[in-house]
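Comments concern the structure below.
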Amino acid sequence: QVQLVESGGGSVQAGGSLRLTCDSKGTISLANAMGWYRQAPGKQRELVIVMTSSGETTVADSVKGRFTISEDPAKGAQYLHMNNLKPEDTAVYYCYVTKHGNEFWGQGTQVTVSS
């Protein structure tokens with residue numbers, strides 16, 4: 001019903017920046033919440049940053065001050081802006097949307113940060 005596709009992942013040196021893109025069918029403006037999770041090897045999937053339809057944003061302490069989220073409703077896209085990347089940011093990043101209590105996920109995109 002809801003399709004999400006991430007892009008923009010890759011390899012970057014510590015201190016660098018990267019922008020991830022999540023393309024949707026244009027349903028983001030109708031969602032209850034939107035944002036990003038990540039999962040590192042051997043760890044549970046964790047919330048990175050999520051914004052509700054009212055504009056309230058929840059940010060993980062580990063990325064606070066370094067990551068931000070933006071949206072382009074006309075394109076049905078959301079973006080994760082990642083700055084001052086650290087090796088511990090290495091993970092698969094997943095686009096996330098909730099609608100009427102249901103969760104929708106992208107396929108994930110790999111981000112690798114080298115020291």
Side-chain angles (χ1 to χ4, degrees):
Q1 181 176 325
V2 177
Q3 295 181 347
L4 306 172
V5 180
E6 303 98 332
S7 62
S11 298
V12 64
Q13 290 187 330
S17 299
L18 207 60
R19 186 186 75 170
L20 306 184
T21 298
C22 176
D23 292 311
S24 73
K25 294 180 178 180
T27 61
I28 292 178
S29 63
L30 302 176
N32 300 119
M34 52 177 273
W36 298 82
Y37 282 67
R38 69 185 182 186
Q39 187 167 21
K43 296 185 178 181
Q44 292 182 281
R45 188 173 298 186
E46 64 177 356
L47 182 150
V48 177
I49 183 168
V50 171
M51 184 171 65
T52 67
S53 59
S54 65
E56 187 74 16
T57 303
T58 300
V59 186
D61 288 340
S62 59
V63 305
K64 192 171 297 182
R66 300 189 297 118
F67 292 9
T68 58
I69 190 172
S70 66
E71 177 191 4
D72 188 341
K75 296 182 178 179
Q78 60 169 305
Y79 308 93
L80 179 64
H81 306 268
M82 311 165 70
N83 300 307
N84 191 24
L85 284 160
K86 303 176 180 180
E88 50 263 44
D89 294 319
T90 295
V92 177
Y93 285 72
Y94 297 91
C95 184
Y96 166 82
V97 170
T98 62
K99 186 176 181 180
H100 300 301
N102 296 316
E103 297 181 344
F104 302 92
W105 301 90
Q107 83 288 350
T109 186
Q110 176 71 47
V111 172
T112 302
V113 184
S114 60
S115 59

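All values below were derived from every heavy atom in this structure, side-chain atoms included, with hydrogens, water molecules and symmetry-related copies excluded.
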Could you check whether any side-chain heavy atom of Leu85 comes within less than 4.5 Å of a side-chain heavy atom of Gln13, counting everything from C-beta outward? no

Counting C-beta onward and ignoring hydrogens, is there a side-chain heavy-atom pair between Val59 and Phe67 closer than 4.5 Å? no

Counting C-beta onward and ignoring hydrogens, is there a side-chain heavy-atom pair between Asp89 and Val111 closer than 4.5 Å? no

Do Tyr37 and Val92 touch side chain to side chain, with heavy atoms closer than 4.5 Å? no

So which heavy atom on Gln39 is nearest to which on Ala91, and how close? O-CB, 3.4 Å

Supply the atom-to-atom distance Met82 CE to Leu20 CG, rounded to the nearest 0.5 angstrom. 5.0 Å

Is a side-chain donor-acceptor pair under 3.5 Å present for Ser17 with Asn83? yes

For Tyr79, check ring-ring contact (aromatic ring centres under 6.0 Å, His included) against everything at least two apart and list the hits. none

Test your reading of the model: is there a side-chain donor-acceptor pair from Gln107 to the backbone of Val5, 3.5 Å cut-off? no

Got a sec, which pairs hit ring-ring contact (aromatic ring centres under 6.0 Å, His included) with one end in residues 43-66, sequence neighbours left out? none

Can a donor-acceptor pair be found, under 3.5 Å and without considering hydrogens, that links the side chain of Thr98 to the backbone of Ala33? yes

Would you call Met51 and Glu71 a side-chain contact if the rule is heavy atoms closer than 4.5 Å? yes

Strictly distance-based, threshold 3.5 Å: is any side-chain N or O of Ser24 a donor or acceptor partner for the main-chain N or O of Gly76? yes

Can you list the residues that meet the ring-ring contact (aromatic ring centres under 6.0 Å, His included) rule with Tyr93, with sequence neighbours excluded? none

Is the shortest heavy-atom distance from the side chain of Tyr96 to the side chain of Trp36 under 4.5 Å? no

Can any side-chain N or O of Asn32 pair as donor or acceptor with the backbone N or O of Ser53 at less than 3.5 Å? no

Determine the minimum heavy-atom distance between Ala14 and Ser115, stating which atoms define it. CB-CA, 4.3 Å

